[in-house]
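Remarks on the structure that follows.
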Protein chains: 2
Amino acid sequence: MPAKRTIPTLDDVALAAGVSTATVSRCLNAPERVVKATRDRVLTVVQTLGYTPNFGARAMAARRTSTIGAIIPTMNNAIFARGLQAFQEQLHKRGYTLLVSSTSYRPELEEEQIRALIARGADGLLLIGYERDPAIYDYLATRDVPALIAWANERDRPEPAIGFDNRACMRALAQTVWDYGHRQIGVISATTKGNDRALRRVEGIRDTFLDRGLPPQNLSVVETPYSIKNGGAAFASLMATATPPTVVMCGNDVLAVGAIGRAQAMNLNIPEDVSITGFDDIELARIVMPPLTTVRVPHQKMGRRSADALIDMVETRTATRFAALKAKVKIRASLGKIATVADGKTAQD
Amino acid sequence: MPAKRTIPTLDDVALAAGVSTATVSRCLNAPERVVKATRDRVLTVVQTLGYTPNFGARAMAARRTSTIGAIIPTMNNAIFARGLQAFQEQLHKRGYTLLVSSTSYRPELEEEQIRALIARGADGLLLIGYERDPAIYDYLATRDVPALIAWANERDRPEPAIGFDNRACMRALAQTVWDYGHRQIGVISATTKGNDRALRRVEGIRDTFLDRGLPPQNLSVVETPYSIKNGGAAFASLMATATPPTVVMCGNDVLAVGAIGRAQAMNLNIPEDVSITGFDDIELARIVMPPLTTVRVPHQKMGRRSADALIDMVETRTATRFAALKAKVKIRASLGKIATVADGKTAQD
DNA sequence: TGTCCCCATGCAAGCGCTTACAACTCAACA
DNA sequence: TGTTGAGTTGTAAGCGCTTGCATGGGGACA
C-alpha cells in the first residue's frame, strides 16, 4: 500500500506497468495506437497510482493546450454569464477547456490578463468589444495567438468579431421609443471610456432622436458604472431636473432594474409617470414589475458561434469576418405611450 | 526590425541582452539580485521582444505556481459571485492567481475539475460544501494539495472550512417565521442530493417547526434546481394544494425572487396572502417588491478569510479548524404576521 | 519455410524555465 | 601588494511530458 508522499509521474506509471513512458503517453493520448492488453494494464496502474498528467509539462512538450482564454469585464452579473456559459459548453463539446478572467471593467488590466492567459498556454482568446490599446493587438500578432471579439460587431472593423451591432440595436429601440411619442429623454449609460459597446449604444440613441429633430437639450445622458444601485442613483439625478424625462433609456438591464427600483421608492408609477427601457433581456427583465422593455440579444447563439469560430481560427490559422447577429426589441409594460400634441411637443396623460 | 514569427523565449532574451538565461530569470524573479545596469538592459530587451514567461515551464522548474483553484456550483447567479470576488481580490493582494471552474451543480463533474486544476498546478483548492465522494478527499491527500471548504461550516467535521452553519442559520430564520405565527409552511429547496448546504437548510426548518410541535403534514417541501423560473414553478405547485402555506421559505434568494414573481402573476399579495423568505441576501433581495426577508450571509468576509486561510495552508502545510461565521436574519416586508388563535391553529387576516 | 511489411513499443531529444553551485571580479584591509 | 569575502554572473542539471525515429516480433503470403 503506497501511501506515497510523492506525486506520481509518467515515469512512475511506466515503471509500475513495465513499459516505457512513450507507451504510457500513448495510452493517454492515442489509445488506439496501443494494443488492448498493454493499455488495460497501463490504465489500471494510472488508476491505482492516482496519476494525473502535469499540464505544464504536457503543454510544453506538445506545444498546444486545447485551452481557450476569455477576458470579460465582470462575472458579477448575468450579462456575460449566459453567453459565456454557451461558449464554454460548445468548447467542451469540441474538446477544449475555457480559462476565464475578468477586468472588473478596468480596461488597463486587460493586457496583463491577456499575457497571463497566453503564458498559461491559451491557444486562442475571446475578447469583449473592440476598444483596446493597439499595442495589445500587436502583441497578439507577435505571439501569433488568434483572438476573436465578441459582444460587438461593427461592419467597418477588420477584426474577426461575433456579436451584434450595439449602435443599430439601440437605434431600433430608440425608434420605438420615439414612435411611442417620447420627446424628453433621459439616458443612463455605463461609463463609455474604454467601453465601445456602451458608447455605441448611446450613439444609437443620439442618432435616432437628433436625426428626427429632437432639440439636444431634451436628451440628457448620465454615465455610471454598471450596477443596480448606480442605476437607481442615476435615475434619481435625471428625475431631479426641471424638465424630467418621460422615458429613461438604460445602457443595460441591470441599470434599468436599479432605475425601476428607485422609481418605486420615489412613488413614481411606471410607465404612467415615467417609462424605462433596458438592454440585453436578462432573466431579470421579465421578473421586475413592471416587466422591462429591452433589446433581446442572442447571447447563447453568440457564445456557441464564438466557440466554433475561435476553434476554427486556432486549428486552421485563418481569420474570417462575420455578419452581425440580429437582436430584437422586446416591448413590455415598462414602456408607455405619450399623447403627442402638435409640433412634436408632448403632454403626459 | 524583427517581425519574428517565433515566440521569444528566455534564451532569446538572454542572447539579445548578452547575458545568461539565469540572469534573465533573476531579473524577473529576484531583481534585487542583479545589478541595476544589467537589469535595465535585460528588462529593455524583455520589453522590446514582447517576452512573456511560459507559465508551464516556470511551474515545472519552480515546482509551484502561486495559483489557487476554486470549484463552484455555478457562475450564473450572484450567490457565489460576491464571495468569490472578495476571495480573488485577497488572493491577488497576496500574490496569488485564481483559477475558477464550475460544475453547473453536477457534483459528478467535480472530480474531473479538481484533477484539471491540479494538473494546471493549483497549489491549493477552494471547494464548496462538504459532500463529495470520499475518493476525492483521498486523491487530494495523495497529491498533497491543501483544500479548504467554503460556504459551510459544521462543527463536527474535521475538514478545514470557512463558512456559516447553514442549518443553524435557517433555524434562526424559521424561528422568526414561527414567532410570526405561521403554522402552514411551504419550503422550496434546491436539489439536496449532492448539496449539503441545501439539505442542512431544509433540516434547519424541519428542526424548528417539528420541535415546536407542528404536525409534519403542515410542512411540505419541494425540491428544484436553483433558478428564478424554477422558483416560480415550485411556488405555484405549493399554492395549488388544498391547504396552501401561509409562508413559503426558499432555499435561497434566487428561488424566492422567482416565487415572488409568480405570486404577483397569480395576483397574490405579499405578505397579506402569503409570506416569502429567502437565503443569502443578494442585492436582488432589496430590489424586489416587496423586499425579501432573508438571511444575510457575510460573503465578502468569507471570501477574504478563505483566501488568507488557504494561502496559509499552502505556505505552511498545516491545516486548522475555524469557527463558523455569523449570519443574520434580515426581516423585510415579504414576511408578515399571522393572527394566532388558541392551540396553535392559525387564521389569516 | 523464407521474405516482407506492419504494428506495437522503446529510445532519446528536446519543450522553456529555475536554481544549486561554481567562477569570477573587485573593493577593503592588513 | 597579497588576501579575503561579498556580490554578481554563468554553467548545467533537471522539472514531466510528447514524438520522430529506430527496433523487433509476427502474420501473411508465396
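Note on naming: letters A, B, ... go to the chains in the order of the sequence lines (proteins, then strands), and numbering restarts at 1 for each one.
In the model, Q113(B) has a side-chain atom that pairs as donor or acceptor with a side-chain atom of S101(B) under 3.5 Å.
The stretch residues 50-69 of chain A touches DNA chain D through Y51(A), P53(A), N54(A), A57(A), R58(A), M60(A), A61(A), A62(A), each having a heavy atom under 4.0 angstrom from the strand.
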Show which side-chain atoms of residues 31-38 of chain B pair as donor or acceptor with protein atoms under 3.5 Å away, not counting sequence neighbours.
from, atom 1, to, atom 2, distance (Å)
K36(B), NZ, D40(B), OD2, 2.6

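What separates CG of L49(A) from C1' of dG16(D) is a distance of 15 Å, to the nearest Å. Taking atom CG of residue N29(B) and atom P of nucleotide dT19(C), one finds them 7 Å apart after rounding to whole Å. A straight line from CZ of R143(A) to C1' of dG16(C) spans 11 Å, rounded to a whole angstrom. dT18(C) atom C1' lies 12 Å from atom CG of L28(B), rounded to whole Å. Distance L10(B) CG to dT19(C) P: 12 Å, rounded to the nearest Å. The distance between atom CZ of R120(A) and atom C1' of dG16(C), rounded to the nearest whole Å, is 16 Å. Atom CG in L15(B) sits roughly 14 Å away from atom P in dG16(C) (whole-Å rounding).
Pairs of residues two or more places apart, or lying in two chains, never qualify as ring-ring contact (aromatic ring centres under 6.0 Å, His included) while including a residue from residues 110-142 of chain B.
Using a 4.0 Å cut-off between charged side-chain N and carboxylate O, K93(B) and D308(B) make no salt bridge.
Residues that satisfy the side chain to side chain donor-acceptor pair (under 3.5 Å) test with S20(A), not counting sequence neighbours, are T23(A). In terms of the ring-ring contact (aromatic ring centres under 6.0 Å, His included) criterion, F55(B) has no residue partners (sequence neighbours excluded). For A78(B), the side chain to side chain contact (heavy atoms under 4.5 Å, CB included) partners two or more places apart in sequence, or in a different chain, are I282(B). Judged as a ring-ring contact (aromatic ring centres under 6.0 Å, His included), and not counting sequence neighbours, Y51(A) has no contacts. Residues passing the side chain to side chain contact (heavy atoms under 4.5 Å, CB included) test with R305(B) are I162(B), K301(B), L325(B), sequence neighbours excluded. Remark: R64(B) engages S66(B), D123(B) in a side chain to side chain contact (heavy atoms under 4.5 Å, CB included) (not counting sequence neighbours). Applying the ring-ring contact (aromatic ring centres under 6.0 Å, His included) criterion to Y105(A), with sequence neighbours excluded, gives Y226(A).
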Pull out every protein N or O sitting under 3.5 Å from an N or O of nucleotides 8-13 of chain D, one pair per line with the distance.
from, atom 1, to, atom 2, distance (Å)
dT9(D), OP1, T38(B), OG1, 2.4
dT9(D), OP2, V35(B), N, 3.1
dG10(D), OP2, S20(B), N, 2.9
dG10(D), OP2, S20(B), OG, 3.1
dG10(D), OP2, T23(B), OG1, 2.6
dG10(D), N7, R26(B), NH2, 3.3
dG10(D), O6, R26(B), NH2, 2.6

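Across the helix from dT1(C)-dA30(D) to dA30(C)-dT1(D), the helix axis at one end is tilted relative to the axis at the other end by 40° (nearest 10 degrees, each axis from five pairs).
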